[in-house]
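Presented below is the structure to which this report refers.
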Amino acid sequence: MQVLKRIRSRTAVLPTRDIDTDQIIAARFLTTTTREGLGKYLFYDLRFNEDGSKKPDFPLNRDESDGCEILVAGNNLGCGSSREHAPWALLDYGFRAVISTEIADIFRNNALKNGLLTVVVDDETHRWLVQNPGAELDIDVAASTLTLPGGKSVRFPLDGFARHCLIEGVDQLGYLQSHGDAIDRYEENRTWTP
Amino acid sequence: MRTLFEKLWSDHVVVPETPDTPAVLYVDLHIIHEVTTPQAFALLRERNIAVRRPELTLATMDHSTPTTPATTFRDLAVVGDGAARQIRQMERNCRDFGIELYGFGSDHRGIVHVIGPELGATQPGKTIVCGDSHSSTHGAFGALAFGIGTTEVGHVLATQCLLQRRPKTLAIEIDGRIPPGVAAKDIILAVIGEIGVDGGTGHVVEFRGAAIRALDMEQRMTVCNMSIEAGARAGMIAPDDTTFDYLHGRPCAPGGQDWDAAVTRWRKLPTDDGAEFDRTVTLDASRMEPMVTFGTNPGMTIGISEPVPRGDGDPSFRKALDYMQVVAGKPMTENDVDVVFIGSCTNGRLSDLEQAAAVIRGRKVASGVRMLVVPGSEAVKRAAEARGLDRVFIEAGAEWREAGCSMCIGMNGDIALPGQLSVSTSNRNFEGRQGVGARTVLASPATAAASAVRGKVADPRTLDA
Ligand code: SF4
């Protein structure tokens, strides 16, 4: 996994709550056998009209959203389907962090395993972020802090292991394999077999 | 004193968790399908890693497979190039890595969460995962079952283990007698409506109480299936005689003396008296009625006789009503129906099809309504046909299809058209889930069938009124 230590970027804001992974990437784009190139399908039905033209009022279609690496979304981001194509599409599009007041379990797991940082903030910070799209933020992964343009810094919860993997670029499969002996022992000592 | 979840968790810890590292948790059954595995197998190939326990891996194809009748069944072109590639890749991956695949031509093929229980591979006390969020279905047997992403699919293939933080526990007590006409689907929709689509985030739910104990296994699966729609990591129900009777004699269930030993072990699994949950929510089943969704997530749920709520001025709520083209203050029964879908891992089992057939028998699907009935597996299809259910549906004017996920996810070409209203027994009414611009109303099989007959969202209890 790529090392992720710090993100300095403006934000794009999608204030809708309960944005599910079907909206992030629709099922018809899941007939792929690779993880690359999914950015073009990100939020497809929200971004494009039926004729393929862009919907001008969708926040990501505005000029000022170009190059934003941080997405601020409404409460309960990433609920629904376990498709890992959702974080793959966000990363391929150019996002490196998502911020909300709550992030669904499976989506958070998938995101962190791919180097997409998930940031949960309090209501007040969230309200400010929603009201100030394009704000320049500075996120320090090791310190788990998010610094607002005025210099105010907020800490966010981040699982210690996930943080370690992000800043060191640890490969979790390699880590699991390093427990091979323990897995062998567990299998040998079971009182019943599945 | 421990809960069902705690017993399963501690029985599967290979390496305990610490503040700095998650637990290494052993997986007893890994179910895989064509859509969420290709990238995981690719990584194994890249690193030259074998599948650790192919015999603990159950493989099938369901998500993007065609459901059109058997004559065109092998004509992969019907599902598009991408899906055809995925299906071929799945066959190759299973062959190369020594995994038995219940693919085309297998009597056992079907939706991942339908075939696990049907084969008896889903058992109490097991940890079960699948790259699909409705893996919570298997929790109905007293298993700890949850959905994982593709990276984790790779972890399980390679090591039979996952890195996991221990979740919190939530008891959902459903007391009282379930009134006639109210189904398991109505109960779980009522639960999600009560606690919200994020009400279970970070928690494993144990469904308890008299109403849950009274459910048969297929109904229990419907309840656990939708735990994820409340954001829960998993849903579980303690195993009991209903569970054991269901499993006895199934192909993958223990046989002979092993059966008795297994039952003895399984009887120790239920939550001990006095064990504590992190949270408890209580609902009364006796006050429930058939439920329908009115918005764009499974928490936006009302009783069939209730008016669509007005909301609290929240823009997301207004956006949902606009998308659904429903009117606040009016009941859902005023809405015309275009499509009815009976199927999915939520309600695609034999008893679900029977409930729909009981409503539709001797009646006709209203003109202008398209009704699709898609069995959850080949075995469900055979059993339904043996009982003549296919004739009941076909004579009423419905389409009888091959097994698969079909319109639950709309990956195989089975979709509703933009703007169409679909009354569906599946589990997600997200925007575009059943096709771009399609409007989905989630309901029980009986409510969906009644809606097909009436041509409007309908209460199955008063179809003749
Ligand atoms: S029926 Fe729907 S929810 Fe169930 S496994 Fe298939 S796509 Fe997923």
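Just so we're clear, the structure is a prediction, and the values are computed from it rather than from any experiment. Within every chain, numbering begins at 1; the chains are lettered A, B, ... in the order of the sequence lines, protein sequences first and strands thereafter.
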> Which is it for A:D184 and B:R52 under the salt bridge (Lys or Arg N to Asp or Glu O under 4.0 Å) test, yes or no, and what are the steps along the way?
Replying inline: CA-CA 11 Å; A:D184 289 345; B:R52 185 181 174 99; 2.7 Å; yes
>> Quick check for you: among B:R165, B:Q123, B:H63, B:E34, which has the greatest number of heavy-atom pairs under 4.5 Å with chain A?
In response: B:R165
>> If we define contacts as heavy-atom pairs under 4.5 Å, which of A:H85, A:H164, A:R108, A:R190 has the most with chain B?
In response: A:R190
> Under a 4.5 Å heavy-atom cut-off, does chain B meet the side chain of A:Y175, its backbone, both or neither?
Replying inline: side chain
>> With a 4.5 Å cut-off on side-chain heavy atoms, are B:H203 and B:P167 touching?
In response: no
> Among B:G202, B:A261, B:G231, which has the most heavy-atom pairs under 4.5 Å with chain A?
Replying inline: B:G202
> Can you say whether A:R163 sits under 4.5 Å from chain B via the side chain, the backbone, both, or neither, judging by heavy atoms?
Replying inline: neither
> Which bit of A:H179 is near chain B, if near means a heavy-atom gap under 4.5 Å: side chain, backbone, both or neither?
Replying inline: side chain
>> Which atoms of A:L46 are under 4.5 Å from chain B, going by heavy atoms: the side chain, the backbone, both sets, or neither?
In response: side chain
> In terms of heavy-atom pairs under 4.5 Å with chain A, which of B:L29, B:T296, B:V197 leads?
Replying inline: B:V197
>> Quick check for you: among A:E50, A:Q23, A:E102, which has the greatest number of heavy-atom pairs under 4.5 Å with chain B?
In response: A:E102
>> Can you classify the ring geometry of B:H12 versus A:Y186 as parallel (below 30°), tilted (30 to 60°) or perpendicular (above 60°)?
In response: tilted
>> Between A:Q177 and chain B, with a heavy-atom cut-off of 4.5 Å, which part of the residue counts as in contact: side chain, backbone, both or neither?
In response: both
>> Using a 4.5 angstrom heavy-atom cutoff, name the option from B:I148, B:T36, B:L163, B:V24 with the most pairs to chain A.
In response: B:L163
> In terms of heavy-atom pairs under 4.5 Å with chain A, which of B:R433, B:E229, B:K126, B:Q89 leads?
Replying inline: B:R433
>> Between B:V14 and chain A, with a heavy-atom cut-off of 4.5 Å, which part of the residue counts as in contact: side chain, backbone, both or neither?
In response: both
>> For B:I415, which atoms come within 4.5 Å of any heavy atom of chain A: side chain, backbone, both, or neither?
In response: neither
> Among A:L14, A:T118, A:I19, whose side chain to side chain contact (heavy atoms under 4.5 Å, CB included) with A:V98 holds?
Replying inline: A:T118
> Between A:F161, A:F107, A:W192, which residue shows the highest count of heavy-atom pairs closer than 4.5 Å to chain B?
Replying inline: A:W192
> Which region of B:D20, side chain (C-beta onward) or backbone (N, CA, C, O), has a non-hydrogen atom less than 4.5 Å from a non-hydrogen atom of chain A, or is it both or neither?
Replying inline: backbone
> So, do A:T32 and B:Q39 sit near enough that their side-chain heavy atoms are less than 4.5 Å apart?
Replying inline: yes
> Which region of A:D171, side chain (C-beta onward) or backbone (N, CA, C, O), has a non-hydrogen atom less than 4.5 Å from a non-hydrogen atom of chain B, or is it both or neither?
Replying inline: side chain
> Which bit of A:S81 is near chain B, if near means a heavy-atom gap under 4.5 Å: side chain, backbone, both or neither?
Replying inline: both
> Given a strict heavy-atom distance threshold of 4.5 Å, which part of B:V153 is in contact with chain A: side chain, backbone, both, or neither?
Replying inline: neither
> Between A:I106, A:T193, A:N75, A:D20, which shows the greatest number of heavy-atom pairs under 4.5 Å with chain B?
Replying inline: A:D20
> Under 6.0 Å from the NZ atom of B:K168, do we count more than 12 heavy atoms belonging to anything else shown?
Replying inline: no
> In terms of heavy-atom proximity below 4.5 Å to chain A, should B:I409 be classed as side chain, backbone, both, or neither?
Replying inline: both
> Given a strict heavy-atom distance threshold of 4.5 Å, which part of B:A42 is in contact with chain A: side chain, backbone, both, or neither?
Replying inline: neither
>> Using a 4.5 angstrom heavy-atom cutoff, name the option from A:G160, A:A182, A:G80 with the most pairs to chain B.
In response: A:G80
> Are B:V27 and B:L56 side-chain neighbours, meaning at least one heavy-atom pair lies under 4.5 Å?
Replying inline: no
> Would you call A:I99 and A:L71 a side-chain contact if the rule is heavy atoms closer than 4.5 Å?
Replying inline: no
> Where does A:Q172 contact chain B at under 4.5 Å (heavy atoms): side chain, backbone, both or neither?
Replying inline: both
> Of all of A:D159, A:D45, A:N109, A:D18, which one pairs up most often with chain B through heavy atoms under 4.5 Å apart?
Replying inline: A:D159
>> Given heavy-atom pairs under 4.5 angstrom as the criterion, report whether the side chain, backbone, both or neither of A:R83 touches chain B.
In response: side chain
> Do A:K113 and B:H155 have side chains that get closer than 4.5 Å, going by heavy atoms?
Replying inline: yes
> Contact part of B:D11 toward chain A, heavy-atom cut-off under 4.5 Å: side chain, backbone, both or neither?
Replying inline: both
